[in-house]
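Quick notes on the structure that follows.
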Amino acid sequence: ILYIMDNIVPPCAACKYLRRKCTKDCVFAPYFPTNKQENYEMIHKVFGASHVASLINEIHPSQREIAMSTLTWEAQVRLNDLVHGVSSIIDRLQSQLNDLQNQLAIAKNELASGGFVPTFAPQHPIAYQQLQSNPMIPDTPINDGYLTAQQLQNEAQRFASTQTAQMQQTQETHTQHNESVMTVRDKKI
């Protein structure tokens, strides 16, 4: 019996893993060739073969390659962090985005005030429109909705003094509490 080389198709990573014969109509073959065995195993472990196969069939052919690489990445991240998965990465990127937006707000405030760089700026300065719900910031818009450098500096100083007063009050409360505990303890002894 002679075997024709054209009919022998190496199995894709999925068919090899599932120990089945790979056909030319295999939905996994274009995205998980034999050399991407680890990628398929991760996806199979996290999502399951039948789910991935139905997903491939539902997606437009032009988007399948991107979808499979995204699923591979998400499976890898989930296996590395079983509890949080991709949400930890999303949270970290969201935090970086917030920091960049805050830096942009500082730059806009500086530009709006004529280039004056305040000596003290709050840790997270933001646009006036975002501050309207905050009672610590005044309700008067200036310079297209941004605080002037002087207003920013005044509010930063007011905020710092409020924080200091709150810290002192907290310390006094703790001291009073500790004294009352000591008094109760002394009475028991």
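We number each residue from 1, following the sequence as shown.
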Might you point out which heavy atoms bring [X] and [Y] nearest each other, and give the distance in Å?
| X | Y | result |
| --- | --- | --- |
| C15 | K21 | SG-O, 4.2 Å |
| C12 | A29 | CB-CA, 3.6 Å |
| P30 | E65 | O-OE1, 4.2 Å |
| P11 | K16 | CB-N, 4.2 Å |
| A67 | I59 | CB-CD1, 3.5 Å |

Nearest-0.5 Å distance that lies between atom [atom1] in [X] and atom [atom2] in [Y]:
| X | Y | atom1 | atom2 | result |
| --- | --- | --- | --- | --- |
| N109 | L104 | CG | CG | 10.0 Å |
| D81 | S87 | CG | OG | 7.0 Å |
| R20 | C26 | CZ | SG | 5.5 Å |
| S95 | L100 | OG | CG | 9.5 Å |
| Y31 | I56 | OH | CD1 | 6.5 Å |

Please say whether more than 12 non-hydrogen atoms of neighbouring residues, nucleotides or ligands are located less than 6.0 Å from CG in L97.
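Enclosed.
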Lys/Arg-Asp/Glu bridge criterion (N-O < 4.0 Å) met for K45, E41:
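E41 and K45: not salt-bridged.
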Under a 3.5 Å distance rule, please check whether [X] uses its side chain to pair with a backbone N or O of [Y] as donor and acceptor.
| X | Y | result |
| --- | --- | --- |
| N102 | N98 | yes |
| R78 | G85 | no |
| T72 | M68 | yes |

E38: which residues meet the side-chain hydrogen bond (donor to acceptor under 3.5 Å, both in side chains) condition with it, sequence neighbours left out?
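side-chain hydrogen bond (donor to acceptor under 3.5 Å, both in side chains) check on E38 returns nothing, list empty.
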So do the side chains of [X] and [Y] get within less than 4.5 Å of each other, counting heavy atoms only?
| X | Y | value |
| --- | --- | --- |
| Y40 | V52 | no |
| F32 | I43 | yes |
| V77 | E74 | no |

same_hphob_cluster(V46, V86) at 4.5 Å side-chain heavy-atom cutoff:
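In one cluster: no.
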Give a yes or no on whether I90 and W73 share a hydrophobic cluster (residues Ile, Leu, Val, Met, Phe, Trp, Tyr; joining criterion: side-chain heavy atoms under 4.5 Å apart).
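Yes, I90 and W73 fall within the same hydrophobic cluster.
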Under the side chain to side chain contact (heavy atoms under 4.5 Å, CB included) criterion, do L93 and Q96 qualify, and how do the steps go?
CA-CA 5 Å; L93 291 173; Q96 289 176 356; 3.6 Å; yes
Should R64 and V27 be marked as a side chain to side chain contact (heavy atoms under 4.5 Å, CB included) after you check the CA-CA gap, both sets of side-chain angles, and the distance that decides it?
CA-CA 10 Å; R64 290 177 181 169; V27 294; over 6 Å; no
